[in-house]
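Numbered from 1 within each chain, the chains take letters A, B, ... in sequence-line order.
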Number of protein chains: 2
Amino acid sequence: MTSTLGFAILAVLAKGARTGYDLTAAMSRPLGYFWTARHSQIHTDLQKLLADGLVRFEAEHGPGPQGKKVYHLTPEGRVALREWVTEPARARPERDELVLKTYASWLADPAEVAELFRDQLALHEERIAEYERQQAGFQTVPATGEPAFGSYATLWCGLSYERHRAAWCRWMIEQLGAGA
Amino acid sequence: MTSTLGFAILAVLAKGARTGYDLTAAMSRPLGYFWTARHSQIHTDLQKLLADGLVRFEAEHGPGPQGKKVYHLTPEGRVALREWVTEPARARPERDELVLKTYASWLADPAEVAELFRDQLALHEERIAEYERQQAGFQTVPATGEPAFGSYATLWCGLSYERHRAAWCRWMIEQLGAGA
DNA sequence: CCGCTCTATGTCAGTTCTGACATAGAGCGA
DNA sequence: TCGCTCTATGTCAGAACTGACATAGAGCGG
């Protein structure tokens with residue numbers, strides 16, 4: 001009964017032991033172009049994974065009232081994760097606020113909507129530059145069995161997504177300008 | 001304090017009066033490549049919108065124990081929707097199960113992962129064909145002030161998204177085949 | 001040594017959403 | 001007329017998630 005966030009946590013831990021804090025950082029971006037979560041949710045789910053025996057932790061001395069807990073996968077956790085990977089996934093994200101706004105954009109002033117899309121375009125262009133820098137950091141495409149393959153493949157997807165999105169923003173700005 | 005789903009409902013109602021059932025159909029796909037919801041959630045939110053005076057309904061005779069309720073926007077609802085449209089949106093969907101699976105795919109058998117992506121690719125190709133048919137139904141690009149502009153613009157985005165996604169699937173299949 | 005930021009843990013109320021359950025008329029075909 | 005599907009409404013328990021609150025050591029600069 002592990003939630004999807006639970007598997008996200010397992011997926012990050014599969015690359016190495018981490019604290020809840022590290023997991024939060026990994027999943028709030030910049031590396032997390034796939035799933036995000038706040039630390040409150042991560043802590044909740046870590047407790048569940050712990051109860052299910054999919055992760056364990058070593059207590060270390062550290063800051064805060066409770067010290068530091070370095071979590072790692074158990075063999076059971078690794079098996080559960082591997083089995084989940086090849087189960088069919090929900091095809092596409094079901095919620096996209098900008099697309100929803102676009103759907104209702106005929107109601108608003110085109111100039112204001114264009115402004116919204118110019119802001120979005122700038123964000124996408126920033127991300128494209130950042131992802132291209134990250135991609136350049138890989139000398140070659142990692143082999144499919146290496147942990148780096150997962151990072152490279154999601155980066156490829158993220159970059160492709162940002163380019164598609166940027167192209168859409170440009171098209172929208174053009175349409176909104178032409179109609180004015 | 002209207003939720004995003006509330007605005008999704010307003011956006012659909014802005015094109016014409018509908019029952020909760022119709023709204024559910026519109027938002028479960030095929031037209032809803034932007035936001036989805038189950039009818040239970042839609043009914044909950046309709047009650048909220050009603051309490052806030054953003055929608056009203058006319059009771060009609062119809063099936064079921066409560067008859068039929070045809071909802072329509074109030075002027076206040078229209079204003080609320082128009083104001084919301086140009087407020088900045090969350091840039092990108094934060095959750096994508098397939099990308100998460102990809103991130104962990106180095107753990108699994110490449111042949112099985114390739115299978116997963118072949119299934120996904122088939123879905124995307126189906127949708128591309130469907131969206132292209134829908135796009136062909138528009139003789140010209142609607143003007144920005146017409147309700148159809150919203151539909152056309154989201155369709156453009158959906159089509160572009162499906163193409164990006166299909167390209168990614170093909171790249172993944174190629175990688176997974178080469179590594180075997 | 002004071003204050004700041006970063007690391008690090010955790011709780012909790014309230015919101016959003018899902019999946020299952022429940023009810024029942026309308027229209028159609030066998 | 002029986003049963004099926006479609007239309008149409010609603011409730012509710014529980015899962016998932018957010019945002020705010022709470023605590024406190026570690027390391028740094030002034």
**Complete:** Heavy-atom nearest nucleotide on DNA chain C taken for T2(B) and for P63(B); more 5' hit belongs to T2(B)
**Fill in**
Walking DNA chain C from its 5' end, the first of Q41(A) and Q66(A) to be reached, judged by nearest nucleotide, is Q66(A)
Which donor-acceptor pairs under 3.5 Å do side chains of residues 58-66 of chain A form with protein atoms, sequence neighbours excluded?
none

**Prompt:** Under 6.0 Å between ring centres, would you say that holds for F7(A) and W84(A)?
**Reply:** yes
**Prompt:** Using a heavy-atom cut-off of 4.0 Å to chain A, what are the terminal contacting nucleotides of DNA chain C, in 5' to 3' order?
**Reply:** dT7(C) to dT18(C)
Side chain to side chain contact (heavy atoms under 4.5 Å, CB included) partners for [X], two or more places apart:
{"X": "P88(A)", "result": "none"}
{"X": "T86(B)", "result": "A108(A), E112(A), V113(A)"}
{"X": "A114(B)", "result": "R118(B), L176(B)"}
{"X": "E83(A)", "result": "V79(A)"}

Name all residues meeting the ring pair (Phe, Tyr, Trp, His ring centres under 6.0 Å) criterion together with [X]; count only those two or more places apart in sequence or in a different chain, and write none if there are none.
{"X": "Y152(B)", "value": "W171(A), F138(B)"}
{"X": "Y71(B)", "value": "F57(B)"}
{"X": "F117(A)", "value": "W168(A)"}
{"X": "H164(A)", "value": "Y161(A), Y161(B), H164(B)"}

**Message:** Quick check against the 3.5 Å criterion: does S160(A) have a side-chain atom that pairs as donor or acceptor with the backbone of W156(A)?
**Reply:** no
**Prompt:** Does R38(A) put a side-chain nitrogen or oxygen below 4.0 Å from OP1 or OP2 of dC17(D)?
**Reply:** no
**Prompt:** Relative to the 5' end of DNA chain D, which residue comes earlier, S40(A) or Y71(B), by the nucleotide with the nearest heavy atom?
**Reply:** Y71(B)
**Prompt:** Using rotation axes that map the C1' atoms of four end pairs onto the next four (five pairs an end), what angle separates the end axes of the helix from dC1(C)-dG30(D) to dA30(C)-dT1(D), to 10°?
**Reply:** 20°
**DNA chain C-proximal residues of residues 4-14 of chain A, any heavy atom under 4.0 Å** = none
**Prompt:** Reckon H39(A) touches a base, only the sugar-phosphate, or nothing at all at heavy-atom distances under 4.0 Å?
**Reply:** base
